[in-house]
Amino acid sequence: MPSANFRLARRGLLFVISSPSGAGKSTIARRILADDEEIHLSVSVTTRPKRPGEVDGVDYHFVDVPTFKNMVAENQLLEWAHVFDNRYGTPRAPVEDMLHKGQDVLFDIDWQGAQQLWQQASGDTIRVYILPPSFEELERRLRGRGTDSEEVIQKRMARAASEISHWDGYDYVLINDDMDECVKQVKNILTVERIKRRRQIGLIGFTRKLLAPPED
Ligand code: ADP
Ligand code: 5GP
């Protein structure tokens, strides 16, 4: 039988993973999502073109600029930012829905998005930054991914240093050298953050019952 604290109601987490492009955050996110039923991906809206192999509604909701602007005007996005000349944003409704159910939400978003989520829900936002072991390895991974043109790879490399400079705006900073080790560390963070007392809203009822005098 599972122990009682697995059954207690708890508040959902906004779990943010950021990194310079190519450091491995999407791969890590996929591994976490595949192994853990209590966390779901927030699928962002973007105006950038679809990469080979990407699926609309799964990797992103791909929209044009007027549609994106309309979503901003109608307050449909929890946060949004310009990244690499394109717009990216987090649809509000699915996130609120999952959090209300006590489920966690995983965000693969940049530092601007992490900052905006933190401003809105600091108590439940956990920010994890993934660093590459070196710039040489970062470039190798961008090339190895085989999804971007040479021009785009150069743009991403040129932007990496300024992105990394935001590492100290995060709660946890991990170096993604060995993928398995890094995934293990992210899972450890999730485990510990979930059992923090203030998130276990079921604890009050549980301890009340535990301490209640025996019924006549
Ligand atoms: P991001 O989402 O940060 O842009 P990806 O997850 O797409 O990065 O990873 C970029 C490439 O690097 C992918 O081909 C991925 O398989 C590879 N990769 C990620 N982590 C590692 C690692 N620890 N060791 C070797 N290759 C890795
Ligand atoms: P890519 O084009 O490689 O998928 O993503 C480029 C960058 O945009 C990544 O750093 C990614 O984390 C970030 N990003 C993706 N979706 C969002 C979003 O909804 N909001 C913000 N602020 N950044 C995002």
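Whatever order the structure lists them in is the order used to number ligands and atoms, beginning at 1. Quick caveat: nothing in here was measured; it's all calculated off a predicted structure.
To the nearest 0.5 Å, the span separating CZ on Arg140 from CG on Leu142 amounts to 11.5 Å. Here CG of Asp124 is found 4.0 Å from CZ of Arg11. Values are rounded to the nearest 0.5 Å.
Atom 7 (C) of ligand 2 has as its closest protein heavy atom Val83 CG1, 3.7 Å. Looking only at heavy atoms of the protein, atom 4 (O) of ligand 2 is closest to Tyr60 OH, 2.5 Å. Atom 16 (N) of ligand 2 has Ser44 OG, 3.1 Å as its closest protein atom, hydrogens excluded (heavy atom only). Nearest non-hydrogen protein atom to atom 6 (C) of ligand 2 is Tyr88 OH, 3.6 Å. Given atom 20 (N) of ligand 2, the protein heavy atom at minimum distance is Glu79 OE2, 2.7 Å.
Each of Trp80, Phe68, Tyr60 was scored for a ring-ring contact (aromatic ring centres under 6.0 Å, His included) with Tyr88, with one residue passing: Tyr60. Of the residues Asp36, Val16, Leu41, Leu14, the one that meets the side chain to side chain contact (heavy atoms under 4.5 Å, CB included) test with Leu106 is Leu41. The side chain to side chain contact (heavy atoms under 4.5 Å, CB included) test with Arg127 is passed by exactly one of Phe15, Phe107, Trp118, Tyr172: Trp118.
No part of Phe107 comes within 4.0 Å of ligand 2, judged by heavy-atom distances. With a 4.0 Å cut-off on non-hydrogen atoms, Arg51 touches ligand 2 through its side chain and not its backbone. At a heavy-atom distance under 4.0 Å, no atom of His82 approaches ligand 2. With a 4.0 Å heavy-atom cut-off, ligand 2 is reached by no atom of Glu163.
Taking 4.0 Å as the cut-off between side-chain N and carboxylate O, Arg199 and Asp104 do not count as a salt-bridged pair. For the pair Asp148 and Lys155, the salt-bridge criterion is not met [side-chain N within less than 4.0 Å of a carboxylate O]. Taking a cutoff of 4.0 Å between a charged side-chain nitrogen and a carboxylate oxygen, Asp97 and Lys101 qualify as a salt bridge. The pair Glu79-Arg92 fails the salt-bridge criterion, with no side-chain N (NZ, NE, NH1 or NH2) lying under 4.0 Å from an Asp/Glu carboxylate O. A salt bridge does not link Glu54 with Lys50: every distance from a Lys NZ or Arg NE/NH1/NH2 to an Asp or Glu carboxylate oxygen is 4.0 Å or more.
At a heavy-atom cutoff of 4.0 Å, ligand 1 is surrounded by Ser19, Pro20, Ser21, Gly22, Ala23, Gly24, Lys25, Ser26, Thr27, Arg141, Arg145, Asn176, Asp177, Met179.
Per-residue contacts place Gly113 under 4.0 angstrom from the following atoms of ligand 2 (heavy atoms of the residue considered): 22 (N). Short contacts between ligand 2 and Ala81, defined as distances under 4.0 Å to a heavy atom of the residue, involve ligand atoms 22 (N). Proximity to Thr90 (heavy-atom distance under 4.0 Å) selects the following atoms of ligand 2: 19 (O). Per-residue contacts place Arg48 under 4.0 angstrom from the following atoms of ligand 2 (heavy atoms of the residue considered): 1 (P), 2 (O), 4 (O).
Heavy atoms of other residues, nucleotides or ligands lying less than 6.0 angstrom from CD1 of Ile189 number more than 12.
Nearest to atom 22 (N) of ligand 2 by heavy-atom distance, out of Val45, Leu77, Asp108, Asp110, is Asp110.
Side-chain atoms of Thr67 and Asn70 include no donor-acceptor pair closer than 3.5 Å. Side-chain atoms of Gln115 and Gln119 form no donor-acceptor pair, as typed in the model, at a separation below 3.5 Å. A donor-acceptor pair shorter than 3.5 Å can be found between the side chains of Tyr170 and Ser18.
Considering both main-chain and side-chain atoms, Arg145 never comes within under 3.5 Å of ligand 2 through any nitrogen or oxygen pair. Checking only distances, Gln112 never comes within under 3.5 Å of ligand 2, N or O to N or O. Between Gly89 and ligand 2, at least one N/O pair is under 3.5 Å apart.
Not a single heavy atom of Trp80 sits less than 4.0 Å from an atom of ligand 2. Contact analysis puts Lys25 in contact with ligand 2, with a non-hydrogen atom separation below 4.0 angstrom.
Residues Leu13 and Val105 form no side-chain contact, since every pair of their non-hydrogen atoms from C-beta on lies 4.5 Å or further apart.
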